[in-house]
Q: 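I am attaching a structure below and will ask some questions about it afterwards.
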Amino acid sequence: MGSTTFLFHFPAADLTYTSCCRLFQEQRLSTEDEASLKIMHPTSVEGVDDMISLGDMTEAGLLRNLLLRHQRGLIYTYIGSVLVAVNPYREFPIYSAEQLYHGQKLGELPPHIFAIAESCYFNMKRNLRNQCCIISGESGAGKTESTKLILQYLTAISGQRSTQEIENQILESNPILEAFGNSKTIRNDNSSRFGKYLEIFFNKNGVIEGARIEQYLLEKSRVCHQFTQKLFSFFWLHVITIIYNCRDDAKDFERIRSAMKTLTFTENQFQDILKLLAAMLHLGNITFEGEISSFFFEKNANKERVTKPLSSQQAAACRDAVVKAIFNKLFKWIVEKVNSVIYKRLANNPKSSYLSIGLLDIFGFENFEVNSFEQLCINYANEKLQQFFVGHVFKLEQEEGGLLRHQRYTNDPTFLHIWCDAFSSCYVLYVFSFT
Ligand SMILES: Nc1ncnc2c1ncn2[C@@H]1O[C@H](COP(=O)(O)OP(=O)(O)OP(=O)(O)O)[C@@H](O)[C@H]1O
């Protein structure tokens, strides 16, 4: 058993433009609302580092505190052991002093993502227990950046005590996975279109020995349908550098190529990937005309070959399915290849001989104009995570008589269960309809 750390993200835009407008806009109050007004607690006037110590423990109180801090350039705030991060959408020079946080307990320094990373590291070493850090928030809130910062911290602390290349290889796996699994959406220029669980393994001295990546639910349909937004980054870079010889994109392209070299991708493998991408792009150019296409679907049934003519629409759907399957296989192969390097030295030893810190970075909640099956899965995963968070933190605190014991808490999972059952049935139907 290990322990879990939570990190919550808010896109700053939400704070600034929505909730806070409601809070601060001059409005005429109804007599009823006026009667409910009460004097603001001093902690809400000044703002606090840890919202557990807020006098006004209400939604408005919490949002006001985050807004005050955001206006002062303080993007991190604690709620006990949970860190809330507000995306600043600009660079702050606050990520170069890893050593400052090393050996410090949570709360000794102002809230910071490195303090959370240190807390995981410290607890792992002291209690000899695996740790897990769950990073949650809607799309564009800053989860992936936070994952990278935690990784930066852990590799820096481990790197002091080792001369191995493994830290660099783990860091370099990020640009590769982002190149193939991230894409521009209307919410985020570099949105993860897959879920990632990165488990970092340490020896008893706290030195990184390796890592392993597990990926979930790549949004394959983007390869075929999302031409209004960007395709996966690498696709895009490949096309742009070839067609326009664009210098900035060529630089990014070289950056990914160099990361792939660090992860021991050979020149042949790199060229094969390019060929596969080119083949997928060509497949995308195939169009079908007429009512009945000359494209045939073939299946071996009882050793007999059955062929069935397809309509143009069905043929196009088959073409897309082939492209999606190729891309999915390619992505899986890339993750396996990365794992074969960063997990190499651990593969023959039992997992119990190492301690680990897991970082969960899943795609955030999203709601587009047209939502597909993938959005259903993404949002469902986020709901489940939220339910886990509520169950784990609030319930535990209340059972143990912790700081939240006086807060009213209702976590009725019935709706999610009903929906989950319905969803499983839908899913089975969905699978059957394509086999
Ligand atoms: N700590 C930070 N400092 C500065 N900018 C940040 C920070 N965190 C996030 N950003 C900015 O916000 C953008 C979106 O962040 P990120 O890709 O991490 O979001 P996300 O929550 O992982 O989104 P998705 O669920 O769509 O993958 C980043 O590209 C970066 O420009």
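Order of appearance sets the numbers: ligands from 1, and atoms from 1 within every ligand. Along the sequence shown, the residues carry numbers beginning at 1.
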Q: Output all residues satisfying side-chain hydrogen bond (donor to acceptor under 3.5 Å, both in side chains) with T77, sequence neighbours left out; order by chain, then residue number.
A: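 Only R69 meet the side-chain hydrogen bond (donor to acceptor under 3.5 Å, both in side chains) criterion with T77.
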Q: Using 30° and 60° as the class limits, which term best fits the ring planes of Y153 and H102: parallel, tilted or perpendicular?
A: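 Y153 vs H102 ring planes: perpendicular.
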Q: With only distance considered, is F363 within less than 3.5 Å of ligand 1 through an N or O on each side?
A: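 Looking only at distances, the answer is no, because the N/O contact criterion of under 3.5 Å is not met.
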Q: Do the side chain of D50 and the main chain of I52 share a donor and acceptor less than 3.5 angstrom apart?
A: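 Such a contact is found between D50 side chain and I52 backbone.
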Q: Hey, is the main chain of I170 close enough, under 3.5 Å, to the side chain of S173 for a donor-acceptor pair?
A: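 Yes; judged by distance alone, with no hydrogens or angles, the pair exists.
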Q: Among N87, T147, V86, L149, which one has a heavy atom closest to atom 7 (C) of ligand 1?
A: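 Nearest heavy atom to atom 7 (C) of ligand 1 lies in N87.
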Q: Can you find an N/O atom of I362 closer than 3.5 Å to an N/O atom of ligand 1?
A: no
Q: Taking heavy atoms and a distance under 4.0 Å, where does R187 meet ligand 1: side chain, backbone, both or neither?
A: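 Neither part.
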Q: Record the part of S146 in heavy-atom contact with ligand 1 below 4.0 Å; permitted values are side chain, backbone, both and neither.
A: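 Under 4.0 Å from ligand 1, S146 contributes no heavy atoms.
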Q: Taking only non-hydrogen atoms of A141, do any sit less than 4.0 angstrom from ligand 1?
A: yes
Q: May I ask you to check whether I75 has an N/O atom sitting below 3.5 Å from an N/O atom of ligand 1?
A: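 Such a contact does not occur with ligand 1.
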Q: Among the heavy atoms of K148, does any lie under 4.0 Å from an atom of ligand 1?
A: no
Q: If you count the atoms of ligand 1 from 1 in the order shown, which ones are under 4.0 Å from a heavy atom of E138?
A: 21 (O)
Q: Is it the case that ligand 1 has an N or O less than 3.5 angstrom from some N or O of E91?
A: no
Q: When you measure from the side chain of Q131 to the backbone N and O of R129, does any donor-acceptor pair fall under 3.5 Å?
A: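 Answer holds: yes.
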Q: Could you check whether any heavy atom of Y95 sits closer than 4.0 Å to an atom of ligand 1, since that is the contact criterion I want to use?
A: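 Within the 4.0 Å threshold, so yes.
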Q: Is it true that E366 lies under 4.0 Å from ligand 1, counting heavy atoms only?
A: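 Heavy atoms of E366 never come under 4.0 Å of ligand 1.
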Q: Please determine if P88 has a nitrogen or oxygen closer than 3.5 Å to a nitrogen or oxygen of ligand 1.
A: no
Q: Using atom types as modelled and distance alone, determine if a side-chain donor or acceptor of K337 lies under 3.5 Å from a backbone N or O of T264.
A: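 Yes: the side chain of K337 pairs with the backbone of T264.
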Q: Show every ring-ring contact (aromatic ring centres under 6.0 Å, His included) that has at least one partner inside residues 334-361, sequence neighbours left out.
A: F201-Y343
Q: Quick one: does R193 get an N or O within less than 3.5 Å of an N or O on ligand 1?
A: no
Q: Looking at E366, is its backbone amide N or carbonyl O close enough to the side chain of R187 to form a donor-acceptor pair, meaning the two atoms are under 3.5 Å apart?
A: no
Q: Does any N/O atom on D361 come nearer than 3.5 Å to any N/O atom on ligand 1?
A: no
Q: So, does D189 sit close enough to ligand 1 that a heavy atom of it is under 4.0 Å from the ligand?
A: no
Q: Under 4.0 Å from ligand 1, counting heavy atoms only, is it the side chain of T144, its backbone, both or neither?
A: both
